[in-house]
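Contents: one structure, followed by commentary.
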Amino acid sequence: MASDGLPPLIASQLNYLLSHHALDVKVEQMWSGNKYYPGVLDRFTIAIPFCLDVIKWDVIYNAESPMSAPDIIFGPEDESFHPFSAKSPKNCNLLDDWNSRDPTRLMALIQELRNQYVDYQRKRVGDVDDARLNFEISTIVFREGIEMALSSGAEKPDEVKFAVPITDMKIDRMVPGCPWRGPPKMYLQVMYPVGKKHVTAPLAPRLKLVSNSELKAFFSIEDVKLPPWSDGMCMAEYLPHLEESLEKQILEAVSLIDVRRRFIEALVPQFGWPLEADPVFCRKATFLAGSGVFTFLVHFMISTQFPKQQPALMLQSCQHLSSQGVPVKSSLMTDYPWSPRWETSQMAERICEFLADEALNFKRHCNESQLQH
Amino acid sequence: MDDLPVEKIAISGPTLASLMQRFSSSSGPIDGLLFGHVSLLTPSTLSDDSSTTTTSSSSSETLIATVTSFLSSSSTSLSFYSPSGRVNPSHLAPSSSSSLLGWFSARRKSPLRPSMREFSVSESLSSLPNLSFPILNSSSSLSPCIFLLLTTPIPDQAIHTHEYRAYQFCASTESFDPKSVDIVNIGPAFRGHYGAFSPNSNFPSLACELRSSAMVEDKKEQEESSSRIKQAAEDQRHLDQCAEGFEIGRLSGLMGSEATNYTAGLEDLYEKMLAKIKNLAREVELSSAKVFEQENHNRKLRQKAARYAGSE
């Protein structure tokens with residue numbers, strides 16, 4: 001449990017925050033600020049995702065009085081962030097009417113503070129004196145869920161970062177049996193260098209596509225080729241191009257799932273029904289095979305580039321254990337006769353032929369490793 | 001209205017030590033009010049101290065805030081402000097002898113920068129108009145804008161055991177300006193303090209114009225002066241109690257043949273005073289032991305209550 005050592009009232013609030021926040025809030029470290037009970041933890045650092053990065057805030061409770069509202073210490077670079085300043089009357093009731101028995105309070109507080117932090121960063125970016133940037137903001141600020149931040153440090157030049165959510169494709173609905181809770185989030189990260197007045201031609205921003213790890217199951221975001229950013233372009237112009245090409249690539253990736261499924265089905269006449277197979281994204285399948293009395297498993301690992309890229313194979317003996325007590329496995333095999341232009345049935349046949357020879361090598365390998373022990 | 005910038009914040013060694021002692025002996029975080037005075041000092045460039053050659057003589061006058069005392073409150077019950085950091089002015093009774101300069105917050109194992117609540121409290125405190133106080137040697141005034149932050153480092157193996165930083169809260173920019181802290185000491189650097197020294201102990205002011213009051217005709221004023229006489233007599237009695245058995249009259253024994261006896265009498269007086277101080281110290285020791293015991297007891301009850309509330 002993340003909250004071991006916290007007083008129960010504080011623990012229930014933290015647990016609620018960790019399990020119910022829409023974003024993936026994490027606890028970085030926990031410690032105690034009490035003199036007499038160093039085992040009773042009452043302060044912790046939380047990392048909150050923001051603008052494809054995290055912000056770290058220290059939450060300071062008081063173990064002596066766990067019923068009191070906590071205090072927050074923001075990061076050293078956010079000295080001018082004052083969410084509850086008297087000049088901008090905000091919802092102080094969150095703190096003034098603190099009810100320690102309500103486990104949702106900490107999450108409500110953090111959510112309110114994050115919302116204000118988004119506004120604070122947007123204002124900071126808006127205050128940057130840069131004509132191109134001001135134009136970008138005026139054209140893109142209405143896009144839902146956009147976040148921006150001004151990062152300035154002593155050693156690196158100032159930079160404005162945008163996190164632009166892209167494509168509202170319901171990918172989870174396009175893949176039958178998809179286990180995701182919702183469509184995966186994809187963002188375009190756009191980074192503008194600012195503050196270089198002497199540069200005559202504005203530099204193109206740095207671009208990067210980012211998604212959560214779920215998408216990896218059938219679509220590799222690193223392999224997406226970004227459309228070029230031509231001179232004098234702005235984000236509002238660029239994004240439709242990107243979204244169009246991205247949608248095409250995602251549709252293709254969805255269609256490739258079926259190609260992989262047909263391949264697995266084509267293996268059935270050769271190997272029999274699979275012991276185990278990934279029914280949603282069709283990336284993995286395991287079959288039982290035999291050569292004489294020697295029985296072994298064949299693992300197929302099918303990349304998202306299939307059929308361009310051949311599946312990686314691995315054999316696992318059912319009869320030999322290594323000295324650690326785990327079944328003996330072969331190394332990954334990716335270099336065997338293959339052509340993406342073959343029919344799936346021919347692919348299956350060729351793999352079967354290759355394995356008939358390979359099984360003998362693997363059997364020898366298993367027996368040798370057995371003898372060594 | 002914006003506050004004048006304070007050049008630096010001075011605090012006497014015993015006051016800072018006592019503040020740190022209060023912090024390190026408390027089980028949790030503490031906070032409280034800082035008292036003292038702010039004065040406009042003209043740095044003297046004249047020096048009879050040969051060891052220093054004062055070349056950096058800034059001719060302008062500097063504003064120095066001197067912290068002379070503090071009032072700490074246990075923070076288990078949020079003291080003079082609400083959980084969101086709004087100050088409750090009715091909790092701040094005006095003090096006669098020294099001005100309210102600002103406040104301090106001391107919390108263990110936390111970063112040495114003001115927190116969200118500390119910002120709000122400072123902002124609220126410096127915005128209350130009736131808390132402004134006059135600057136000595138000057139016609140302007142200042143709001144309680146001083147904030148002293150004390151922490152201990154988060155890693156246990158740190159070399160420092162205590163860290164502190166002083167700030168002036170600037171209302172117009174909504175920010176904390178870090179200020180250097182001077183521990184008041186003897187030496188040429190503190191020459192200005194002697195010029196601006198103002199005692200703040202509660203030594204009774206003796207009414208010296210007793211005789212002139214007889215001239216006053218007005219009845220009402222006479223009544224007033226009679227109460228003043230009463231007050232003076234009362235003060236005199238307190239003073240005599242301190243110097244028990246050693247009346248003003250005996251000062252005449254300072255000279256002549258009685259001088260030897262006088263020394264013995266003076267020694268006697270000092271001994272009596274020492275005995276009194278010892279008694280007092282003993283009483284303080286016993287009472288603080290009782291306070292400590294009670295605080296321990298309270299803490300245990302609180303822990304029990306919190307555990308009960310959490311397990312419900």
Side-chain angles (χ1 to χ4, degrees), chain A residues 6-13 29 31-38 40-43 45 56-88 90-98 100-101 103 109 113 116, chain B residues 23-30 74-78 81-87 105-124 126-127 149 151-152 154-156 171-176 178 295-296 298-300 302-303 305-312:
Chain A
L6 289 170
L9 287 173
I10 302 174
S12 62
Q13 303 208 4
Q29 59 172 148
W31 67 99
S32 170
N34 195 280
K35 183 181 168 82
Y36 298 106
Y37 300 101
V40 181
L41 310 178
D42 58 355
R43 32 204 72 182
T45 305
K56 290 178 189 174
W57 293 345
D58 292 327
V59 182
I60 310 286
Y61 277 97
N62 180 2
E64 291 279 292
S65 125
M67 286 158 172
S68 311
D71 195 3
I72 314 273
I73 302 177
F74 303 115
E77 65 285 348
D78 292 321
E79 267 180 350
S80 50
F81 175 50
H82 303 302
F84 288 114
S85 159
K87 280 192 182 161
S88 50
K90 290 276 162 49
N91 189 9
C92 293
N93 294 345
L94 273 176
L95 287 168
D96 283 337
D97 301 337
W98 187 259
S100 57
R101 285 158 195 257
L109 177 67
L113 290 175
Q116 292 195 30
Chain B
F23 172 35
S24 59
S25 64
S26 86
S27 58
I30 59 166
S74 144
S75 67
T76 46
S77 52
L78 290 170
Y81 51 84
S82 73
S84 68
R86 298 283 173 276
V87 171
S105 173
R107 42 178 161 79
R108 270 197 196 81
K109 299 207 174 178
S110 49
L112 189 61
R113 37 176 204 274
S115 72
M116 177 174 82
R117 186 178 294 143
E118 283 154 3
F119 171 86
S120 297
V121 173
S122 295
E123 183 189 39
S124 177
S126 62
S127 69
L149 177 61
T151 63
T152 66
I154 299 172
D156 278 325
S172 62
T173 59
E174 289 198 307
S175 62
F176 283 104
E295 273 183 353
N296 260 341
N298 290 352
R299 187 177 320 118
K300 271 179 199 145
R302 263 200 309 273
Q303 292 275 333
R307 213 170 303 140
Y308 176 69
S311 63
E312 249 179 16

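Reminder, nothing fancy here: chain letters follow the sequence lines and each chain counts from 1. The basis for the numbers below is simple: all heavy atoms, side chains too, and nothing from hydrogens, waters or symmetry mates.
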Minimal non-hydrogen separation, A:Asp71 against B:Glu118, with atom names: OD2-N, 4.3 Å
Pair B:Glu123, A:Ser85: side-chain N/O donor-acceptor within cut-off below 3.5 Å: yes
A:Glu64 versus B:Ser27, closest heavy-atom pair with distance: OE1-OG, 2.7 Å
Counterpart residues, side chain to side chain donor-acceptor pair (under 3.5 Å), relative to B:Ser124 (two or more places apart): none
B:Ser25, part contacting chain A, at a heavy-atom distance under 4.5 Å: backbone
Polar side-chain atom of A:Arg43 near backbone of B:Arg108 as donor-acceptor pair, under 3.5 Å: yes
Separation of A:Ile73 CD1 from B:Ser110 OG (nearest 0.5 Å): 5.0 Å
Separation of A:Lys35 NZ from B:Phe23 CZ (nearest 0.5 Å): 9.5 Å
Portion of A:Ile60 that has a non-hydrogen atom of chain B nearer than 4.5 angstrom: side chain
Heavy-atom proximity to chain B below 4.5 Å, by part of A:Ser32: backbone
Shortest non-hydrogen contact between A:Pro83 and B:Met116, atoms and distance: CG-SD, 3.9 Å
Approximate separation, where rounding is to 0.5 Å, of A:Asp58 CG and B:Ile154 CD1: 6.0 Å
Contacting region of A:Pro76 [heavy-atom separation from chain B under 4.5 Å]: both
Flag if over 12 foreign heavy atoms under 6.0 Å of CD, A:Gln29: yes
Structural part of B:Ser26 lying under 4.5 Å from a heavy atom of chain A: backbone
Side chain to side chain donor-acceptor pair (under 3.5 Å) against B:Arg113, all qualifying residues, sequence neighbours excluded: none
Value rounded to 0.5 Å, distance of OG in B:Ser120 from NE2 in A:His82: 9.0 Å
Between OG on residue B:Ser84 and CH2 on residue A:Trp98, distance to nearest 0.5 Å: 12.5 Å
